[in-house]
Amino acid sequence: MGAHKLSDWRKLPLSLTELCIDTTLRCGQSFRWRKISDEWHCVLRGRLISLKQDASHLHYRVTWPKPTGSPVTSSDSIPAAGDGDVDTEQDDTESLLRNYFALSHSLSTLYQQWAASDANFARRAPAFTGIRILNQDAWEALVAFICSSNNNIGRISQMVQKLCIHYGPYIGTIEGEAFHDFPEPQALSGTHVEAHLRELGFGYRAAYIAQTAEIISYLKGADWLLRLRNPESPAFAAPITRPGQNETQSSSSSDETPITYRTAHEALLTLPGVGPKVADCVCLMGLGWGEAVPVDTHVWQIAQRDYHFSTKTKTKTFTKVMYNSVGDHFRSIWGPQAGWAQSVLFTSNLKAFAGQASGAGTKSGIVEEAIVKAEKMVRRSKQAHSLAEDYGMGVVKTDEEEVTTTFVRSRKRRITAVTKVSGSDKKHVGAVEVEVHTRRTSKRLKAAAS
DNA sequence: ATAGACCCTTAGGG
DNA sequence: ACCCTAAGGGTCT
């Protein structure tokens, strides 16, 4: 009843290989989608979008908000002509969705390319198909990822939800749940905002958000953010200029240096609460820079575990030099859409998706990790002990047929992985045992092993 | 350049 | 049953 108009379901031919909304909408890109009785809902550009998917189609429906402040609802006075039947001529929801899901990229083609140039991707991706980078609103991505620092997906989603409820416009209700749009920068500006956000549990991020909102609203302007977009991205393709049209108009930025991924990244770093990782998230998911590779704890783990990135620099802190070198490395193997490939491996590494990992049975993330570490030991059995030091392993035992690795998962846990190898090939055959010990038990184990 | 502090929530071990 | 610790898509000083 709260909605002005509710469209009928429409559908878009789309395979699950090209897009899997169940994965893409849950993997920590957007924090606003909610699943209610098997349908996904979110407000995009002022309208409430509902989605469901089968093997061949993406089904969508739109709920338009009731016009605010107009005493006479025109639709009520107008006879049945257009009521309950959203004008499909005018409705641009399909193009909105094509743009939001960046459907102009062929995901299956990209997966093939990444798999061809990267064995690790080829091994992990089959269980995680259909993961796309969403083309989100840049301002929303900026604020959401400021919230993401030192935080988990659950709480980030709660925080974004609070921003919408307290500062964003109400759009509609579905099964008793209210949906608001994401607030504009001006709505999050003001002297009271920081204190209020602290009350709402934002912690130290409250100041970052309030300050960034102020800067975008009044100092730099919302245009500033939009000018950081990738002009080459299909999502922001310039309006088609006809041959006869004036061309000087399009090159209005003749006095400015052309925008690049690097300059966009640097520009974002000037905002409070925005470091290299958050800047890359905004570049990738809000500004169309496919080569942006956000390096967080997960990606850093992946880089070390699967791509032989070593922590040999004594320092324990993750420096900006290291950050850039990880990103450059992934760009060199995955190419111009490296950020898209990153999201696939990132998702495969999430605990929430651990059940999907590896085809044979459901191995936990811990087991997966143990297998991979053990495999690494197999490949480099000669340097097993030095590697063990690099990776913080406590005990390493190798012989002709079996490799046993024990490494420290946390201070109070040790995990032992046993990988069987077959003769000269030293191929991993999948036999894995994992044990979790208390400190006391592992001490005994260590003694027994040595 | 490099440790700590920073808000808050939850899961798991004592 | 509770307290305690660690960790969760980092950034700032």
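Being a predicted model, the structure only gives us computed values, none of them experimental. A note on names: the letters A, B, ... follow the listed sequences, proteins ahead of strands, and every chain is numbered from 1.
Comparing C/dT5 with B/dA5, their P atoms are spaced 14 Å from each other, to the whole Å. The P atoms of C/dG9 and B/dG4 are separated by 24 Å, rounded to the nearest whole Å.
By the salt bridge (Lys or Arg N to Asp or Glu O under 4.0 Å) test, A/Arg61 pairs with A/Glu39, sequence neighbours left out. By the side chain to side chain donor-acceptor pair (under 3.5 Å) test, A/Ser30 is found to be paired with no residue, residues two or more places apart in sequence or in another chain being considered. Under the rule for a salt bridge (Lys or Arg N to Asp or Glu O under 4.0 Å), the partners of A/Asp22 that lie at least two apart in sequence or sit in another chain are A/Lys35. With sequence neighbours excluded, the residues that form a ring pair (Phe, Tyr, Trp, His ring centres under 6.0 Å) with A/His196 are A/His166, A/Tyr167.
Sorted by residue number, the members of residues 194-208 of chain A with any non-hydrogen atom under 4.0 Å from DNA chain B read A/Arg198, A/Gly201, A/Gly203, A/Tyr204, A/Arg205. Of the residues in residues 147-165 of chain A, A/Ser148, A/Ser149, A/Asn150, A/Asn151, A/Asn152, A/Ile153 come within less than 4.0 Å of DNA chain C through at least one heavy atom, sorted by number. Contacts of residues 20-35 of chain A with DNA chain C (heavy atom under 4.0 Å): A/Cys27, A/Gly28, A/Gln29. Within residues 265-277 of chain A, the residues approaching DNA chain C are A/Leu271, A/Pro272, A/Gly273, A/Val274, A/Gly275, A/Pro276, A/Lys277, by heavy-atom distance under 4.0 Å.
With respect to A/Asp306, the side-chain contact (heavy atoms from CB on, under 4.5 Å) criterion is satisfied by exactly one of A/Leu345, A/Asp118, A/Asn120, A/Asn349: A/Asn120.
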Give every donor-acceptor pair under 3.5 Å between a side-chain atom in residues 136-147 of chain A and any protein atom, sequence neighbours left out.
| from | atom 1 | to | atom 2 | distance (Å) |
| --- | --- | --- | --- | --- |
| A/Gln136 | NE2 | A/Gln29 | O | 3.1 |
| A/Asp137 | OD2 | A/Trp139 | N | 3.3 |
| A/Asp137 | OD2 | A/Glu140 | N | 3.0 |
| A/Trp139 | NE1 | A/Pro183 | O | 2.9 |
| A/Glu140 | OE1 | A/Arg32 | NE | 3.4 |
| A/Glu140 | OE1 | A/Arg32 | NH2 | 2.9 |
| A/Glu140 | OE2 | A/Arg32 | NE | 2.9 |

For residues 206-216 of chain A, run the donor-acceptor check on the side chains, cut-off 3.5 Å, and write out each pair with its distance to 0.1 Å, sequence neighbours left out.
| from | atom 1 | to | atom 2 | distance (Å) |
| --- | --- | --- | --- | --- |
| A/Thr212 | OG1 | A/Tyr208 | O | 2.9 |
| A/Thr212 | OG1 | A/Pro272 | O | 3.1 |
| A/Glu214 | OE1 | A/Gly190 | N | 3.4 |

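Among the protein residues, A/Phe346 comes within range of the nucleic acid bases, having at least one heavy atom under 4.0 Å from a base atom. Using a 4.0 Å heavy-atom distance criterion, A/Val299 is classed as making no nucleic acid contact.
Atom CE in A/Met322 sits about 14 Å away from atom P in B/dA1, given to the nearest Å. Atom-to-atom, CG of A/Leu142 to P of C/dT11 comes out at 12 Å; the value is rounded to the nearest Å. Per the geometry, CZ belonging to A/Phe353 stands 16 Å off P belonging to C/dG8, to the nearest Å. Between A/Ile146 atom CD1 and C/dG9 atom C1' there is a gap of 14 Å when expressed in whole angstrom units. Remark: P of C/dT11 and CG of A/Asp280 are 9 Å apart, rounded to the nearest angstrom. Remark: P of C/dA7 and NE2 of A/His298 are 12 Å apart, rounded to the nearest angstrom. For the pair A/Lys320 NZ and B/dA1 P, the interatomic distance rounds to 11 Å; values are reported in whole Å.
Among pairs with a residue in residues 278-298 of chain A, those fulfilling ring pair (Phe, Tyr, Trp, His ring centres under 6.0 Å) read A/His298-A/Phe346, at least two apart in sequence or across chains.
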Parsed dot-bracket for DNA chain C after applying the Watson-Crick and G-U rules with both distances under 3.5 Å and | for other-strand partners is .|||||||.||||
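At least one donor-acceptor pair closer than 3.5 Å links the side chain of A/Glu18 to the backbone N or O of A/Ser108. Under the 3.5 Å distance criterion, the side-chain polar atoms of A/Trp334 are left unmatched by any main-chain donor or acceptor of A/Trp114.
Crowding of A/Lys11 atom NZ: a count of heavy atoms from other residues, nucleotides or ligands under 6.0 Å not exceeding 12.
The pair A/Arg47-A/Asp92 meets the salt-bridge criterion, with a side-chain N (NZ, NE, NH1 or NH2) lying under 4.0 Å from an Asp/Glu carboxylate O. Taking a cutoff of 4.0 Å between a charged side-chain nitrogen and a carboxylate oxygen, A/Asp328 and A/Arg331 qualify as a salt bridge. Residues A/Glu94 and A/Arg98 are paired through a salt bridge, judged by an N-O separation under 4.0 Å between the basic side chain and the carboxylate.
Using bins of under 30°, 30° to 60° and over 60° for the plane-to-plane angle, the ring pair A/Phe309/A/Trp300 lands in the perpendicular bin.
Across all their heavy atoms, A/Pro276 and A/His265 have their closest contact at O-CE1, 3.3 Å.
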